[in-house]
Amino acid sequence: QIVLALKGVQRHYEQGEKRLSILSGADFVLHRGEMVALVAPSGAGKSTLLHTAGLLERPDAGEVVLAGRDCGKLNDQERTAVRRNDIGFVYQFHHLLPEFTAVENIAIPQMIKGLSPREATARAEQLLDYMKIGKRGHHRPAELSGGEQQRVAIARAVANAPLVLLADEPTGNLDPVTASYVFDAMEALVRQSGLCALIATHNHELAARMNRRVTLQDGKIVDF
Ligand code: ADP
Ligand code: ADP
């Protein structure tokens, strides 16, 4: 079952007089339950690809299809709604709100989306349990280790049960041992919730543990 499909996606930037082609007819599908590693050197276009797949940027040409829906046909407001409901993002840096606890960081966005405080808090606590940091829920980000902070960011990204998790170097800021534990937790969460994920990483050990590995070659997405 295909959850996300990119069809002939093109993306370029103007740099002065020059036209820099980043994606030139990129095709890709992500199936339900699948974790796919995106491994490519810096500047190859990983962030561009993730932002396009995540409806943060529009492609210059081609289609982004999410759960069978051609997102190119949506207006900006509809794209924002899809992004909020169906897509979870994780970045290299956690971007947690420093003045709120781990539980609050996960629960508050859900309350804004209409969940009651009680439901949102229960959901946040459950996610932290899945990520094996249930006991750390009442600490603020500064009181958590780098690995714990990143787990909270992952829990926040999946709290509203999106269809797809898009992650840009989610363990890029962590030492290899911590990265491996954070990946374990992310994998457990993806498996448990039937999500699928596209994860940009430079960590070949983690890439080897995913279902598939893709890279960017001449603006196209190829398996390797
Ligand atoms: P990666 O995530 O693989 O490092 P990016 O997608 O961030 O790659 O960037 C791909 C290329 O596009 C880089 O050469 C970068 O300098 C260029 N680029 C990215 N964003 C912009 C932009 N807004 N304007 C112009 N060039 C950009
Ligand atoms: P840190 O950044 O402090 O290493 P992690 O997120 O990696 O934080 O660790 C969270 C939990 O993962 C720890 O409390 C522990 O249960 C487990 N863990 C992390 N590293 C190790 C290790 N080297 N050996 C065993 N368990 C570990």
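The residues of the chain are indexed from 1 along the displayed sequence.
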Item to check | Common cluster, Leu74/Leu163, ILVMFWY with side-chain heavy-atom separation under 4.5 Å | outcome: yes

Next on the checklist: With a sphere of 6.0 Å drawn around CD of Gln217, does it hold more than 12 non-hydrogen atoms of other residues, nucleotides or ligands?
Outcome noted: no

Checklist entry - Do the side-chain N and O atoms of Tyr13 and Thr48 include a donor-acceptor pair separated by under 3.5 angstrom? => result yes

Checklist entry - Can you name the nearest heavy-atom pair linking Arg191 to Met35, along with the distance? => result NH2-SD, 3.8 Å

Next on the checklist: To the closest 0.5 Å, what do you measure between CD1 (Ile2) and CG (Leu66)?
Outcome noted: 12.0 Å

Item to check | Val29 to His31 - nearest heavy-atom pair and separation | outcome: CG2-CE1, 3.6 Å

Next on the checklist: Can you confirm whether more than 12 heavy atoms, excluding those of Asp218, are under 6.0 Å from its CG atom?
Outcome noted: no

Next on the checklist: For a quick test of reading the model, state the closest non-hydrogen atom pair linking Ala159 to Ile106 and the distance between them.
Outcome noted: CB-CG2, 3.8 Å

Next on the checklist: When you compare the side chain of His51 with that of Lys46, does any pair of heavy atoms fall below 4.5 Å?
Outcome noted: no

Checklist entry - Is Arg209 salt-bridged to Asp184, going by a charged N under 4.0 Å from an acidic O? => result yes

Checklist entry - Rounded to the nearest 0.5 Å, how far apart are CD1 of Ile133 and CD of Gln150? => result 10.5 Å

Checklist entry - Under 4.5 Å between side-chain heavy atoms, hopping through other hydrophobics if needed: is there a path connecting Leu38 to Val190? => result no

Next on the checklist: Less than 4.0 angstrom from a charged side-chain N to a carboxylate O is my criterion; do Glu99 and Arg140 meet it?
Outcome noted: no

Next on the checklist: Closer than 3.5 angstrom, by distance alone: can the side chain of Arg11 be matched with the main-chain N or O of Gly25 as a donor-acceptor pair?
Outcome noted: no

Checklist entry - Of the non-hydrogen atoms in Leu128 and Ala102, which two are nearest, and what is the gap between them? => result CD1-CB, 4.2 Å

Checklist entry - Is there side-chain contact between Leu49 and Ile221, with at least one heavy-atom pair below 4.5 Å? => result yes

Next on the checklist: Whether the Glu119 and Ser116 side chains hold a donor-acceptor pair (N or O, under 3.5 Å, no angle test) is what I'd like checked.
Outcome noted: yes

Checklist entry - Between Lys113 and Asn160, is there a donor-acceptor pair closer than 3.5 Å when you use the side chain of the first and the backbone of the second? => result no

Checklist entry - For Gln126, does the CD atom have more than 12 heavy-atom neighbours from other residues, nucleotides or ligands under 6.0 Å away? => result yes

Checklist entry - Sub-3.5 Å donor-acceptor pair from the side chain of Arg83 to the main-chain atoms of Leu55, do we have one? => result yes

Item to check | Basic-acidic side-chain contact under 4.0 Å: Asp76, Arg58 | outcome: yes

Checklist entry - Can you list the steps and then say if His94 with Val152 is a side-chain contact (heavy atoms from CB on, under 4.5 Å)? => result CA-CA 8 Å; His94 57 73; Val152 177; over 6 Å; no

Item to check | Any donor-acceptor N or O pair under 3.5 Å, side chains His12, Glu14 | outcome: yes

Checklist entry - Is the shortest heavy-atom distance from the side chain of Pro162 to the side chain of Leu195 under 4.5 Å? => result yes

Next on the checklist: Hydrophobic cluster membership, with links at side-chain heavy-atom distances under 4.5 Å among I/L/V/M/F/W/Y: are Ile154 and Leu144 in one?
Outcome noted: yes

Next on the checklist: Are the side chains of Leu23 and Leu216 in contact, using a 4.5 Å heavy-atom criterion?
Outcome noted: yes

Item to check | Pairwise distance CG(Leu56) to CG(Leu50) - rounded to 0.5 angstrom | outcome: 9.5 Å

Checklist entry - Can you list the steps and then say if His202 with Glu169 is a side-chain hydrogen bond (donor to acceptor under 3.5 Å, both in side chains)? => result CA-CA 7 Å; His202 286 297; Glu169 303 275 357; 3.0 Å; yes

Checklist entry - Is Asp223 paired with Arg212 through a side-chain N to carboxylate O contact shorter than 4.0 Å? => result yes

Next on the checklist: Would a single hydrophobic cluster contain both Val164 and Ile199, if residues Ile, Leu, Val, Met, Phe, Trp and Tyr are joined by side-chain heavy-atom contacts under 4.5 Å?
Outcome noted: no

Next on the checklist: A quick test of your reading: do over 12 heavy atoms of other residues, nucleotides or ligands sit less than 6.0 Å from CZ of Arg79?
Outcome noted: yes

Next on the checklist: Run Leu4 and Val65 through side-chain contact (heavy atoms from CB on, under 4.5 Å) and show every step you take.
Outcome noted: CA-CA 6 Å; Leu4 171 72; Val65 183; over 6 Å; no

Next on the checklist: Nearest 0.5 Å, please: how far is CG in Asn105 from NE2 in His139?
Outcome noted: 14.0 Å

Next on the checklist: Within this structure, what is the SG-CD distance for the pair Cys196 and Glu34, rounded to the nearest 0.5 Å?
Outcome noted: 7.5 Å

Next on the checklist: I want to check something: taking the side chain as every heavy atom from C-beta on, are Asp168 and Phe89 in contact at a cut-off of under 4.5 Å?
Outcome noted: no

Checklist entry - For Thr178 and Gly147, which heavy atoms make the closest approach, and how far apart are they? => result CG2-CA, 3.5 Å

Item to check | Heavy-atom side-chain proximity of Val9 to Thr52 below 4.5 angstrom | outcome: yes

Checklist entry - Between Tyr91 and His95, how do the two ring planes meet: parallel, tilted or perpendicular, split at 30° and 60°? => result perpendicular

Checklist entry - Going only through I, L, V, M, F, W and Y residues with side-chain contacts under 4.5 Å, is there a path from Met186 to Val3? => result no

Checklist entry - What's the shortest heavy-atom distance between Ala179 and Leu206, and which atoms? => result O-CD1, 4.2 Å

Next on the checklist: Does Val36 form a side-chain contact (heavy atoms from CB on, under 4.5 Å) with Arg213? I'd like the steps, not just the answer.
Outcome noted: CA-CA 6 Å; Val36 176; Arg213 286 144 293 283; over 6 Å; no

Item to check | Sidechain-backbone polar pair: Lys220 side chain, Ser24 backbone, donor-acceptor under 3.5 Å | outcome: yes

Checklist entry - Between the side chain of Thr171 and the main-chain N/O of Pro176, is any donor-acceptor distance below 3.5 Å? => result no

Next on the checklist: With side-chain contact (heavy atoms from CB on, under 4.5 Å) as the criterion, how do Arg136 and Gln149 come out once you've worked through the C-alpha distance, each side chain's angles and the decisive distance to 0.1 Å?
Outcome noted: CA-CA 10 Å; Arg136 310 290 285 154; Gln149 291 168 348; over 6 Å; no

Item to check | OG on Ser180 to CG on Asp175, rounded to 0.5 Å | outcome: 10.0 Å

